[in-house]
Every structure is written in C-alpha cells, then in structure tokens.
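See below for the structure under consideration.
Residue numbers count from 1 along this sequence.
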Amino acid sequence: MHYGTIKTADIANGEGVRVSLFVSGCTNACPGCFQPETWDFHYGQEFTKETEDMIINELKAGYYQGLTILGGEPFEPSNQEALLPFITRVREELPNRDIWMYTGNLYEDLLPGGRRYTDFTDGILDRIDILVDGRFEQSLMSLKIKFRGSTNQRIINMKATREQGTVVLSPLGTGVSG
C-alpha cells in the first residue's frame, strides 16, 4: 500500500486533534474529488513498518484524540489487507485513541456479500469508532456540515452499529458548522 500524505495536528478530519493518513488508490473516481491524485495506487510513498512506527509515536502525544484514515479509498481490497494489521496495532498500543475512517462506499457495501467486502473488512469495521460513508456528490456539497463533503454522506457510530446490526448514526452527523 502507498500513502499520499500524513497530516499531524489535523483538526479537519474528525473530532479533536488527529493524525490523518491519506492512503493511495481509489477506483470510485468521484467527480469533484478534492484529492484526485490519490486515485493512483502508487501515488506517494510506500506504507512501511517505519511509517507505522512514526504514526504510533506521534499519536502518543497527549493532545491527540485519535487517528483518521482516508484517501484515496481505504476500503479498496489491497488497502484493507495492509490497514487491518495497522489498525489492530493502534488499538492495542493506544486504546485511548479513537479511529475514524472515510469511504466512498456505503456501509452496506462493506457487509458480507457487498461489493467491497473482503476477508479483512469485518476486522477493520470491528476496530474503528466512526465510519464516514458515501460517495462525494458535488451537487450535494455543503460547507455547513461537519466532517463531510456532501450531505448524502453519513457519520456512523461503528460500535453501536456492529452491536445492533443496523446503521446507527453519530450525533456528529446532525450538526452544522459556523
């Protein structure tokens, strides 16, 4: 897996101060995407053990609330395989940090039988706290909503969703900014 960039002290991609990992590779190709360069699976640098170590060490700083993984598309099958061990490590080493993931897919596409379901998907979904799902739709773009680009995208509470077996939206998805 490759990544385009890692942003430290990021406050735009989830609650609180975060480290944000922008993975490379996306076949969704949403019109109006804010990072079309990340569609290329080889864009940026290779994601290595040293990259993981750097992110883990950065997240140890007391002011971080958590990690955000976005892209590109984290739920591309090849990215899932690389991300599951990393997410597992973050969970084990930093249990007080939350994990957000963004996807241009719907949550339902990530369930067994869905078009993005792989042997790694359940492991990822069971370990993250928030999933922001849905394609970016340029016609539904809004600068007044929090943590999303377009109003069709959902902010899903993954723990509650996995426990209840139905999508449970986070109250974060109901607010507007400024």
Side-chain angles (χ1 to χ4, degrees), residues 1-26 30 33-38 43-76 79-80 82-105 107 110 123-134 136 141-151 153-162 168-178:
M1 180 181 83
H2 283 73
Y3 68 95
T5 192
I6 297 168
K7 290 186 179 181
T8 58
D10 184 9
I11 59 169
N13 295 301
E15 277 195 307
V17 179
R18 316 190 66 75
V19 174
S20 293
L21 169 65
F22 291 78
V23 301
S24 296
C26 183
C30 300
C33 174
F34 78 105
Q35 282 200 240
E37 64 275 9
T38 64
Y43 174 74
Q45 300 176 37
E46 187 174 347
F47 188 78
T48 64
K49 171 81 164 62
E50 291 75 23
T51 311
E52 283 190 20
D53 293 344
M54 186 278 293
I55 293 171
I56 295 279
N57 287 330
E58 182 69 25
L59 280 167
K60 289 179 182 177
Y63 51 84
Y64 281 110
Q65 182 167 329
L67 170 69
T68 298
I69 302 171
L70 59 171
E73 174 56 63
F75 283 97
E76 289 288 350
N79 288 342
Q80 289 186 51
L83 286 171
L84 178 57
F86 173 58
I87 291 168
T88 300
R89 182 177 172 202
V90 171
R91 257 301 153 239
E92 290 170 356
E93 293 184 31
L94 300 163
N96 297 347
R97 301 293 184 257
D98 63 20
I99 301 173
W100 285 46
M101 285 185 76
Y102 283 73
T103 181
N105 301 289
Y107 172 69
L110 305 174
I124 292 170
L125 295 173
D126 289 341
R127 287 169 177 81
I128 64 173
D129 299 287
I130 295 287
L131 178 71
V132 180
D133 82 338
F136 170 73
M141 186 178 112
S142 174
L143 299 177
K144 294 184 178 181
I145 55 176
K146 292 183 177 182
F147 308 124
R148 296 164 290 157
S150 55
T151 57
Q153 295 171 314
R154 303 179 292 185
I155 301 176
I156 301 172
N157 176 325
M158 284 310 301
K159 183 175 181 183
T161 294
R162 301 298 274 177
V168 177
L169 298 180
S170 165
L172 295 170
T174 60
V176 295
S177 59

key: Matching residue for Met101 among Leu125, Ile124, Thr68, Val23 - test: side chain to side chain contact (heavy atoms under 4.5 Å, CB included)   = Ile124

task = Please report the C-alpha distance between Thr48 and Glu50 in whole Å, then the side-chain angles of each, then the deciding distance to 0.1 Å, and finally whether the side-chain hydrogen bond (donor to acceptor under 3.5 Å, both in side chains) criterion is met.
result = CA-CA 5 Å; Thr48 64; Glu50 291 75 23; 3.2 Å; yes

ask   = So which heavy atom on Phe136 is nearest to which on Ser150, and how close?
value = CA-OG, 3.6 Å

task = Over all heavy atoms of both residues, which pair between Ile130 and Asn157 is shortest? Give the atoms and the distance, please.
result = CD1-CA, 4.3 Å

note = Between Thr151 and Ser142, the two heavy atoms sitting closest are CG2-CB, 4.0 Å

ask   = Out of Arg91, Arg18, Arg97, which residue meets the salt bridge (Lys or Arg N to Asp or Glu O under 4.0 Å) rule with Asp129?
value = Arg91

ask   = Can any side-chain N or O of Glu73 pair as donor or acceptor with the backbone N or O of Gly104 at less than 3.5 Å?
value = yes

ask   = So, Tyr102 side chain and Phe147 main chain: donor-acceptor pair closer than 3.5 Å or not?
value = yes

key: Closest heavy-atom pair and its distance - Glu52, Phe86   = CG-CD1, 3.4 Å

query = Within a strict 4.5 Å, meaning less than it, do heavy atoms of the Ile55 and Phe47 side chains meet?
reply = yes

query = Minimum heavy-atom separation for Gly71 to Phe22, with atom names?
reply = O-CD2, 4.0 Å

key: Least distance between heavy atoms, Val90 atom then Ile56 atom   = CG2-CD1, 3.6 Å

